[in-house]
Structures are given as structure tokens and as C-alpha cells.
Protein chains: 2
Amino acid sequence: MRKGEATRARIVAEAARQAALRGLTGVSLSDVADAVGISKSGLFKHFESKDDMHLAVVESVMERFSDVIWKPAEGLPPGRARLEVVFERWLHWCEEEWPDSGCPVTALSVELDDQPGPLRDLLHKRLQGWRKTMLREFRALREPPLSEAEAQAAYFQMKSFILGHSDSRRMMGDADAHRSATAAFEALLDRTCRIAA
Amino acid sequence: MRKGEATRARIVAEAARQAALRGLTGVSLSDVADAVGISKSGLFKHFESKDDMHLAVVESVMERFSDVIWKPAEGLPPGRARLEVVFERWLHWCEEEWPDSGCPVTALSVELDDQPGPLRDLLHKRLQGWRKTMLREFRALREPPLSEAEAQAAYFQMKSFILGHSDSRRMMGDADAHRSATAAFEALLDRTCRIAA
DNA sequence: TGACAAAGTGACCGATCGTGCTCTTTCTAG
DNA sequence: CTAGAAAGAGCACGATCGGTCACTTTGTCA
């Protein structure tokens, strides 16, 4: 049973790579199978259907997302330093983990936000979990803690800068996108810490 | 020759609608033809190929973008009020002009940013033009004018809030997204005006 | 080592894709 | 009104899509 799991993982990784490039709908099972080095029918020993593979791709991407971005910050105590690590890892995720395609979370969000179904539900759940984590993090940014509304406003802007960074870097070809995003985020932290209690 | 132009316009509008929903690649010529009420082969009297139609779609979307967002602000004198109108129209564009699909400019950007070719080039050119307009606008926000770097930082954040707004509203189901974006933008204008000369 | 399940292959299915062809209808300009 | 052009219909094509099935190979465990 070990061999199968390894192959399945390779399939999911390759499908995620292609989905980040062409979108989930744009991924053909033949292309994935060829890239992995098995036949198209061999693929069906690991997934019931293409939809089933899509679910595995979303799950896998969000797991990697957490590993790459949250894990390095998890050990630090809550506060500004930890938020800074998270933001920098998030930029790193977009730039280095998916250099050819751009962030698959963004791609999946844009593709699925208007397509109700289990796939969107799964992504929504994972993103809500991440949002909860970040809101908790922002609330602990300062003593006394930020209000819920303040934390929401801060996370809204943090996420916005991430999205803006990808658009600037990938669509507009802006080499300074990383710096622009970091500067905007640092300023956000500055003024958020300064809010009167 | 008049009839043809009208049909072509209907085709492009319908293709844009579907592209915003499923992505350009996800649009099939049969579906577009059916929705418009002509045969698939009749479609080819208006476009040489699917790629040709894609170009028309991008061009049309960016034209509507300018009409909806820039035109209502064009008459106003440069300054904060005009920027506020632009931002509000931009949100309106995302929310009301494409209620079922979300902003097609975002969708096209995410889809095309990793696909070199004339389609990406066209979108890039139009977005660069828009960016130029906005930078000029930000520079005139205050006397003495903002530096180029300050204007770039401001536009980066403005665009980010637009992207964050769509993600919050459509993917996260946040009914307050409009308010969050507007509040963030107003605060951006506040502190941008306040920068020491 | 032998048996059985898991993993993988190749041929094939019906549907749909973009696109070319010929033919008919419809519009429009003289 | 009429002739010619534009607009559109209908059909068929090769390719590719997701998916099935019978079969062979490979891995695992008693």
C-alpha cells in the first residue's frame, strides 16, 4: 500500500502545479498522467474522478500553504515579530514556492468564488480557518488587545497587500513589488499598534 | 455592414460574461453561439479564430472598465474628490457590473499573468495605461505634488484594497467588504495627504 | 515462496472541442 | 428592383476530453 500513496502524492503535486498555471478546469488528466509517467487509466486507481482529484489538490495546496507560511512562525510568541515572519513567508510562498505559476490559493479563489459546490466549500473552510488564525494573531498584537473590528480591518489590509503584491509582480512586471508590499505592511503594523486603546 | 457589427458586439459581450465566470479557456464557442442565438459556424464570420475572439474580449472589457470607472470622474478636477469617485466606481464595477462572476479584469490577470503572448501583452498594455492615469492622479492629490515613489506606494495600496475587497466579498462571503475597502482607502488618502513635503 | 491485492497498461467509448467546407438566407447599395 | 456581398446554417473533420473495462505486472504479507 506504500507505493500507491507515493504515486498519489506525485499526481496531486503535479496536478496542483498545472492547476496553478492553467486553472483547475484547464488541467487535463492526460497531461498530468504523462508528466507523472503513468498512463491515464493508471490515474483512476488513485481517484474516482477528476472532481475527486480536484478535492485532493485543494486539500494538498492548503496543507502546503500552512506548512510553508505558518509553521516557521508557530514557535515564536504572539506579537509583531511573528506577524512579520508570517507576512514574509507569505510573500516567499508566492514568489519562490510557485515561481512559474503564481500563488495557487489566489488562482483557486478567483476560479472557484463563483462556482458553488464541494470544491468551493472546502477552499472556503480552509481560508476561514486561516482567517481565524490571523485575527487571533492581530488581536494579540498589542496590549490591551485589538478589538475584533480592528483585527478584521488589519487582516483585510494584510491580505490585500499580498494580493496586490502578486498582481504587481506577475501581471505588471514590477520588480519592487516585494518591497512595496513589505513597506505597506510595516506601516500597517505601525499604525495598528498606535491605535488608542 | 451594420447588422454584423451588432452581432459581433453581442458575441463579445456574451463571451466576456462567460470568461469572467469560467475563464477565457473555459469558454466554448458552442456555448457562446447558443447564448447569442446563432450557430457556431456563424460565429466564424466575425472572428478568424478563438484567439481572435479572446483579443476582442480583452479589448472590450478594458473599454467598459474605462467607461464605468473613469468616465464619471473625468469631469471633476484632479484631487481627493476625484480619487474617491474613482475608487467608489471601481467597487461598483466589481459588485454591480459583474454581479455573477466577479471582476473580469482580476480574472483575466490571474489567468494570463503566466501565459506569454499577444493576449497577455494587450492586457498588460491597458493596465499600464490605467496605472499611468492613476499615478498622475495621485501626484496631483496634494500641493506640493507627491513624489513618484509616494504615488506608486499609494496606487499599490489602492489596487490592493480593490483586490482584497473582491476576495473578501466573493470568496469569504464578507458583507462588509465594501465598507472595509472604503475605510482602508479613506485612511490611505488621509495619511498620503499628510506626508511632509 | 506463494497467493492475493494493489498498481498500472492499452484499447476503446461517447461527447465535445475548434475549425473548415458548401450552401442558403438576408441585408444593403446602386 | 436587383445584384452582389455579408451573415448565417448545416455538416463533417480530426483531436482531445473524462471515463470504463479486461488484462498484465508488481508489490506485500502470511
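Order of the sequence lines sets the chain letters (A, B, ...), proteins ahead of strands, with each chain counted from 1. Keep in mind it's a predicted model, so treat the numbers as computed, not measured.
- Following rounding to the nearest Å, D52(B) (CG) and dG20(C) (C1') show an atom-to-atom distance of 16 Å.
- Spacing between atom CG of L29(B) and atom C1' of dA15(D) amounts to 15 Å, rounded to whole angstrom units.
- At dG8(D), one or more side-chain N or O atoms of T7(B) fall inside 4.0 Å of OP1 or OP2 (strictly under the cut-off).
- Of the candidates W70(B), F161(B), W130(B), W130(B) is the only one forming a ring-ring contact (aromatic ring centres under 6.0 Å, His included) with W90(B).
- Side-chain atoms of R2(A) lie closest to dT28(D) of the nucleotides dT28(D), dG18(C), dC17(D).
- Following rounding to the nearest Å, E48(A) (CD) and dG19(D) (C1') show an atom-to-atom distance of 13 Å.
- Residues Q18(A) and E14(A) bring a donor and an acceptor atom of their side chains to less than 3.5 Å of each other.
- Of the possible polar contacts, one joining the T7(A) side chain to the K3(A) backbone as a donor-acceptor pair under 3.5 Å is found.
- At least one side-chain nitrogen or oxygen of S30(B) sits closer than 4.0 Å to the OP1 or OP2 atom of dC17(C).
- Residue contacts for V27(B): at a heavy-atom cut-off of 4.0 Å it reaches the sugar-phosphate backbone alone, with no base atom in range.
- With hydrogens and angles disregarded, no donor-acceptor distance shorter than 3.5 Å links the side chain of T106(A) to the backbone of G102(A).
- For a distance-only test at 3.5 Å, the side chain of K45(B) qualifies as a donor-acceptor partner of the base of dG8(D).
- At whole-Å resolution of the value, CG in L43(B) and C1' in dC17(C) are 14 Å apart.
- Here the P atom of nucleotide dA7(C) and the CZ atom of R10(A) are 13 Å apart, to the nearest Å.
- Less than 4.0 Å separates DNA chain C from at least one heavy atom of each of the following residues of residues 34-42 of chain B: K40(B), S41(B).
- L135(B) pairs with exactly one of K132(B), R131(B), E137(B) by the side-chain contact (heavy atoms from CB on, under 4.5 Å) rule, that one being R131(B).
- Counting to the nearest Å, the P atom of dG18(D) and the CG atom of D31(A) are 8 Å from each other.
- Nucleotide dA9(D) holds its P atom 14 Å from the CZ atom of F44(B), rounded to whole Å.
- A sub-4.0 Å separation between OP1 or OP2 of dA7(C) and a side-chain N or O of K3(A) is absent.
- F47(B) places its CZ atom 15 Å from the P atom of dG20(C), with the value rounded to the nearest Å.
- R82(A) places a side-chain N or O within donor-acceptor distance of the main-chain N or O of E74(A), the cut-off being under 3.5 Å.
- Aromatic ring orientation, F185(A) versus F87(A): parallel (interplanar angle below 30°, classes split at 30° and 60°).
- You'll find that the side chain of H46(B) is closest to dG8(D), out of dG8(D), dG18(D), dG18(C).
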